Amino acid sequence: MSIASTLANAASGLAAATRTAELISSNVANANTDGYGRRDIRLGSVVNGTSGAGVRVIGIDRNVDQIAINDRRLADASLGSSSTSSFYFDGLQDAFGTPETQGSLSARLASFESALVQAAGAPQSSENLQSVFNAARDVTGKINSVAATIQDARQSADQQIANQVSTVNNALLRIKDLNEEIAQRTNTGGDFATLMDQRQQQIDQITSIIPVRELPRDDGKIALITENGSILLDDNAAEIEFRSTLTITPDMTLEAGSLSGLTITGAGSAFGDGLAMISGGSLSALFDVRDTLATNSQAQLDAFSRDLVERFADPALDTTLTAGDPGLFTDRGAALDPLDEVGLSNRLSLNALVDPDQGGTVTRLRDGLGAVTPGPVGENGLLQAMSDRLARSQEPVSGNFLRSGSSASLVSELLSEIGLSRTNAMAEQSFAAAQVAEFKEAELRAGVNTDQELQRLLLVEKAFAANAKVITTVDEMLDTLLRI
């Protein structure tokens, strides 16, 4: 072996050791970076005829556990879905309040019932009558507040749908571009590991929103398919279209065409409608909140409001009323229209005849809403009858209540349903979070192990020192030869 070839061998060894050290430092630096795939260097010998001529870098391998990544992505989607549902029920339960909470619907209904009993015991007291009015107004105010919370949840879900659709569309376009760049570098022999990291990060943005699986294609490209087999990305990216609604009212539904659904165009193959294609992630859960969970909650609250209105609008209860007159509780001052129940909880209000701020008088709670002149101050018949009506067990005309009951028991059933739904959603969320953690750990096991990387660095250090020693030795030999 000539001195020149010896130097060439050593120089190639230094270059390989340098490149290996760069990869190890990159691995260690990105040990906790999401989407980063551990790099390994592939080395090969250089042969000149029949003699070795050093070492060369054949390529850089990016190592990930794709099975663990796919499983973790599906778990991400499940967690996104359950978290969205859990958040909705958390907010709804907070809006209703629990029975022991001051200001809850249960507590305000109990205060109204207590005020009626107290006023029936001393009907001549204007303070007692004012307390009945205040307690009744608190009940309507609380129902209005809960109804507003439900509509806010629908409005928020609609806006979040628009935001998530935009995120998915942008990510799909970016993944398409990365596919092209990776294919180009694959064909030209360039390093594309960093591009694959970026692509994995973009896919991870999508997976909590829409559960997708990654399928390999030629030249390093990938395709993305949804759980029902629809293709969101192959050579081209699909586009998801959604139109947000500025203001959502209780009567607006997807079925009626007043709210937007999803339209997906450009997919390689599609099965079912847009909602079927994206089921399983947070995007699907947001549609469920907007179009199912919140509307069901609204319907139950409207049904309770109707029951409350009808309990106090009966002429048999208040003989000063005639059929068709609004009772104590009204639909924005008007009598209940049975065909216009949707949104009643938003419109529920007290009769202006008992509201001093609207020219009414609280004495009508004792004398009758239609009383023209004040009655005997000691008469408590109407107050006692209203108390009995509030506590009377009756079957609601609408809603999905399981049994007949008093107003208090109907509220209790409402809260029980919400609490059960919240508990189930939290259980699903906890299970999904545990799955994410487990699959993430499996994914990390194929990732960077800093202890192993540092051990590899020690070997690189020895190789670097050995090659450097060869060059130093050759240099000393040349100096000796030149001095002869």
Side-chain angles (χ1 to χ4, degrees), residues 79-98 104-105 140-165 209 242-262 273-276 278-308 331 340-348 396 398-402 410-411 413-429:
L79 179 59
S81 175
S82 57
S83 296
T84 299
S85 300
S86 180
F87 183 80
Y88 168 73
F89 286 116
D90 280 344
L92 188 60
Q93 187 174 66
D94 288 343
F96 271 97
T98 54
S104 67
L105 181 56
T140 60
K142 187 61 174 179
I143 292 174
N144 295 157
S145 175
V146 175
T149 297
I150 293 172
Q151 291 311 304
D152 287 344
R154 297 187 74 200
Q155 189 74 62
S156 176
D158 190 81
Q159 185 57 56
Q160 289 181 69
I161 291 170
N163 294 339
Q164 292 193 2
V165 165
I209 300 173
F242 175 78
R243 185 186 68 258
S244 62
T245 303
L246 185 61
T247 302
I248 296 179
T249 55
D251 60 299
M252 298 173 69
T253 63
L254 178 63
E255 292 76 12
S258 48
L259 295 177
S260 174
L262 285 183
D273 59 16
L275 294 181
I278 56 92
S279 63
S282 61
L283 186 57
S284 175
L286 287 170
F287 273 102
D288 194 34
V289 169
R290 190 195 70 174
D291 300 325
T292 302
L293 298 180
T295 54
N296 288 345
S297 300
Q298 179 80 46
Q300 285 293 87
L301 190 59
D302 288 341
F304 172 76
S305 299
R306 176 174 179 173
D307 178 80
L308 192 62
D331 184 350
D340 189 24
E341 181 179 324
V342 177
L344 176 61
S345 53
N346 300 78
R347 308 187 301 268
L348 189 68
S398 57
N400 295 320
F401 293 96
L402 300 178
L410 295 180
V411 170
E413 183 174 335
L414 275 175
L415 291 174
S416 177
E417 290 176 356
I418 294 168
L420 179 60
S421 298
R422 177 176 177 269
T423 299
N424 290 338
M426 290 180 64
E428 292 177 4
Q429 183 182 14

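Keep in mind that this is a model prediction, so the values were computed, not measured. Along the sequence shown, residues are numbered consecutively beginning with 1.
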Taking salt bridge (Lys or Arg N to Asp or Glu O under 4.0 Å) as the test, write out the residues that go with Asp307, two or more places apart.
-> Arg311
Under the salt bridge (Lys or Arg N to Asp or Glu O under 4.0 Å) test, residues paired with Glu417 that sit two or more places apart |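 Listed in chain order: nothing, the list is empty.
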Could you tell me which non-hydrogen atom of [X] sits nearest to which non-hydrogen atom of [Y], and how far apart they are?
| X | Y | answer |
| --- | --- | --- |
| Ser260 | Arg290 | O-NH2, 2.8 Å |
| Ala425 | Ser85 | CB-C, 4.2 Å |
| Leu259 | Arg154 | CD1-NH2, 3.4 Å |
| Leu402 | Glu413 | N-OE2, 2.6 Å |

Per the side-chain contact (heavy atoms from CB on, under 4.5 Å) rule, which among Leu308, Val411, Asp302 passes with Ile143?
-> Leu308
What do you reckon, is CZ of Phe401 surrounded by more than 12 foreign heavy atoms closer than 6.0 Å?
->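 Atom CZ in Phe401 is crowded, with more than 12 foreign heavy atoms closer than 6.0 Å.
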How long is the straight-line distance from [atom2] of [Y] back to [atom1] of [X], given to the nearest 0.5 Å?
| X | Y | atom1 | atom2 | answer |
| --- | --- | --- | --- | --- |
| Gln155 | Ile150 | CD | CD1 | 14.5 Å |
| Gln160 | Leu283 | CD | CG | 10.5 Å |
| Thr253 | Ile248 | OG1 | CD1 | 11.0 Å |

Assess whether side chain to side chain contact (heavy atoms under 4.5 Å, CB included) is satisfied between Ile278 and Ser284, documenting all intermediate values.
-> CA-CA 6 Å; Ile278 56 92; Ser284 175; 3.8 Å; yes
Intermediate values then yes/no, side chain to side chain contact (heavy atoms under 4.5 Å, CB included), Asp340 and Arg347 | CA-CA 11 Å; Asp340 189 24; Arg347 308 187 301 268; 3.6 Å; yes
Kindly determine whether Leu293 and Phe89 satisfy side chain to side chain contact (heavy atoms under 4.5 Å, CB included), including the steps that lead there.
-> CA-CA 9 Å; Leu293 298 180; Phe89 286 116; 3.9 Å; yes
Please test Met252 against Thr247 for side chain to side chain contact (heavy atoms under 4.5 Å, CB included), starting from the C-alpha separation and ending with a verdict.
-> CA-CA 10 Å; Met252 298 173 69; Thr247 302; over 6 Å; no
Pair Gln300, Asn296: side-chain N/O donor-acceptor within cut-off below 3.5 Å |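 Note: Gln300 and Asn296 side chains miss the donor-acceptor criterion.
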Side chains of Gln93 and Thr98: is there a donor and an acceptor less than 3.5 Å apart?
->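 Their side chains do not contain a donor-acceptor pair, so the 3.5 Å distance test is not met.
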Considering only heavy atoms from C-beta outward, does the side chain of Phe242 approach that of Asp158 to under 4.5 Å?
->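 The answer is yes; the side chains approach within 4.5 Å.
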